[in-house]
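For reference, the structure discussed in these notes is given below.
For ligands, and for the atoms within them, numbers begin at 1 and follow the listed sequence. Just the heavy atoms: all of them, side chains too, but no hydrogens, waters or symmetry mates, feed the values below.
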Amino acid sequence: MKMEVLDEIFRRVLSSKIFTNRSSLRPDYVPDELPHRENQIKMLGSILAQALRGSRPSNVFIYGLTGTGKTAVTKYVLKRIEEKSLGFKTNFTYAYINCRQSDTPYRVLADLNESIGVRVPFTGLSRAEVYRRFLRNLDARKCVMIIVLDEIDFLVKRHGDDILYKLSRVNEDLLYSQASLIGITNDLKLTETLDPRIKSSLGEEELVFPPYNAVQLEDILRRRAKRAFRRGVLEPGVIPLCAALAAKEHGDARRALDLLRVAGEIAEREGAENVTEEHVKKARAEIERDRVVEVLRTMPLHAKLVLLSMVYLDNKGKTRTTTGELYASYVHICRELGVESLTQRRISDLVNELDMLGLLAARLVSRGRYGRTKIIELSVSKKTILEVLGKDERFSGVANL
Ligand SMILES: Nc1ncnc2c1ncn2[C@@H]1O[C@H](COP(=O)(O)OP(=O)(O)OP(=O)(O)O)[C@@H](O)[C@H]1O
Ligand SMILES: [Mg+2]
């Protein structure tokens, strides 16, 4: 019986009525056209084209909110320059490093070595040695190299900006090669925390990526949908709705594409002939739920305990609570579980972090001459919290809160 059910699923997936090329909607796919980014492509292209003439392009600092095409445009332009460079005498090479994945200075330096064909061990060498190897080998190649550090904020927040400082002066140590840096971030406040010398060196050129509006998102989706979906399966309201929902957030193309892809997947799972607006609404709920589950799952222990304390209070009929009350029930739960509790100050910080993640809502209300107090509520359902945290063995002691 079970086998038949699976067979039916396989048959449905393999003979998709909805998609012709689902993977072209995936986040890491670099499309061959990027509408509404012509200016950014031209500007980045004209800066980096210096490399084709054998001179060092200016360093570039790229910023803009998430999903505004920074990574896609940068990869697109670099690919074109690399293709073009094949017909030139100049030696050109580039390294694309995502600092969320390569999140230590050592890893970044190791990746730089690897991008010019030098293998370094995972650990064991000093950072200085890995850097020296990179310089030596880069110089030996007699080339112009562009180094892209994407999502640079992940590196800077954890490890400071030393590595950026070093890399922004790399040319002082090179005789026969030259290198330029492209730094990318969606953290618009990052520059405030950077050393002014790095800021001015990295920001020789600055490129801003504004959010897309609903009309632009619609156009982007239409072009990408052509390749991904069978003709005629999208009902007319589907793309405008995905675009409108994503524009309302902040013009995030990734969000718009995710909505469209997941709506298609839901339609397919249901065995539907068409993708409808209803599927988009379901997709929105599914994406939001996945986000919450992922955040919950990967949260540190005490953040989980704070949420459990909120559930505990809620079960006692207190849907709204104050920091003091929350802290008392947090301490109680810690004691039950035999976990050492943190200070009220730390819990107050955690509440703010959970608020920023959209799991709690905390707001200050005035209580006249008693000053102000913070009122805290859950922003996600108790059911979801218990479902996810219930899988964490450490909480089995408080299963029936
Ligand atoms: N103009 C465009 N045309 C087609 N697809 C686009 C366009 N802009 C962005 N996309 C797509 O939207 C998704 C998000 O874009 P991208 O990854 O470049 O965003 P980002 O600015 O780097 O965001 P983050 O700051 O989160 O890294 C990608 O799948 C990308 O292919
Ligand atoms: Mg990116």
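Annotation: Gly64 places no N or O atom under 3.5 Å from an N or O atom of ligand 1; distance criterion only. Between Val73 and ligand 1, not a single N/O pair is under 3.5 Å apart.
At a heavy-atom cutoff of 4.0 Å, ligand 1 is contacted by no atom of Asp150, backbone or side chain.
Checking Asp150 against Thr71 by side-chain atom types alone, a donor-acceptor pair falls below 3.5 Å. When only modelled atom types and interatomic distance are considered, Glu235 and Thr276 share no side-chain donor-acceptor pair under 3.5 Å. Between the side chains of Asn21 and Ser23, at least one donor-acceptor pair of N or O atoms lies under 3.5 Å. If you check the side chains of Arg335 and Tyr330, you find no donor sitting under 3.5 Å from an acceptor. Side-chain contact annotation: Asn171 with Gln178, donor-acceptor N/O pair under 3.5 Å absent. Between Arg254 and Thr66, the side chains place a donor N or O and an acceptor N or O closer than 3.5 Å (distance only, hydrogens not considered).
Heavy-atom minimum distance, Glu270 versus His279: OE1-NE2, 2.8 Å.
Looking only at heavy atoms of the protein, atom 26 (O) of ligand 1 is closest to Thr66 OG1, 2.4 Å. Closest to atom 21 (O) of ligand 1 among all protein heavy atoms lies Lys70 NZ, 2.7 Å. The nearest heavy-atom contact from the protein to atom 22 (O) of ligand 1 is Thr71 OG1, 2.7 Å. Taking atom 23 (O) of ligand 1 as the reference point, the nearest protein heavy-atom neighbour is Gly67 N, 2.8 Å. Protein heavy atom in closest approach to atom 18 (O) of ligand 1: Ala72 N, 2.8 Å. Counting only heavy atoms of the protein, atom 28 (C) of ligand 1 lies nearest to Pro27 O, 3.8 Å. Ile220 CG2, 3.4 Å is the protein heavy atom nearest to atom 4 (C) of ligand 1.
Annotation: Lys374, atom NZ; neighbour count of heavy atoms from other residues, nucleotides and ligands within 6.0 Å is above 12. Counted within 6.0 Å of CD on Glu340, heavy atoms from surrounding residues, nucleotides or ligands total 12 or fewer; the atom is thus considered open.
By heavy-atom distance, the residue among Arg223, Glu38, Arg224 lying nearest atom 5 (N) of ligand 1 is Arg224. In this comparison of Tyr76, Tyr63, Tyr29, Tyr212, the heavy atom closest to atom 7 (C) of ligand 1 sits on Tyr212. Nearest to atom 14 (C) of ligand 1 by heavy-atom distance, out of Arg26, Arg254, Glu151, is Arg254.
Residues meeting the side-chain hydrogen bond (donor to acceptor under 3.5 Å, both in side chains) test with Arg230, sequence neighbours left out: none.
Under a 4.0 Å criterion applied to the non-hydrogen atoms of Gly69, ligand 1 contributes the atoms 8 (N), 9 (C), 15 (O), 16 (P), 18 (O), 19 (O), 20 (P), 21 (O). Counting atoms of ligand 1 from 1 in the listed order, those under 4.0 Å from a heavy atom of Leu257 are 11 (C), 12 (O), 29 (O). For ligand 1 and Ala253, the ligand atoms under 4.0 Å from any heavy atom of the residue are 9 (C), 10 (N), 12 (O). Distances below 4.0 Å separate heavy atoms of Asn186 from the following atoms of ligand 1: 24 (P), 25 (O), 26 (O).
A centroid separation of less than 6.0 Å is found between the aromatic rings of Tyr63 and Phe61. Taking the ring centroids of Phe229 and Phe19, they lie under the 6.0 Å cut-off.
Proximity of Pro35 to ligand 1 is established by a heavy-atom distance of less than 4.0 Å.
The Mg ion (ligand 2) has Thr71 among its coordinating residues (N/O/S atom, backbone or side chain, under 2.8 Å).
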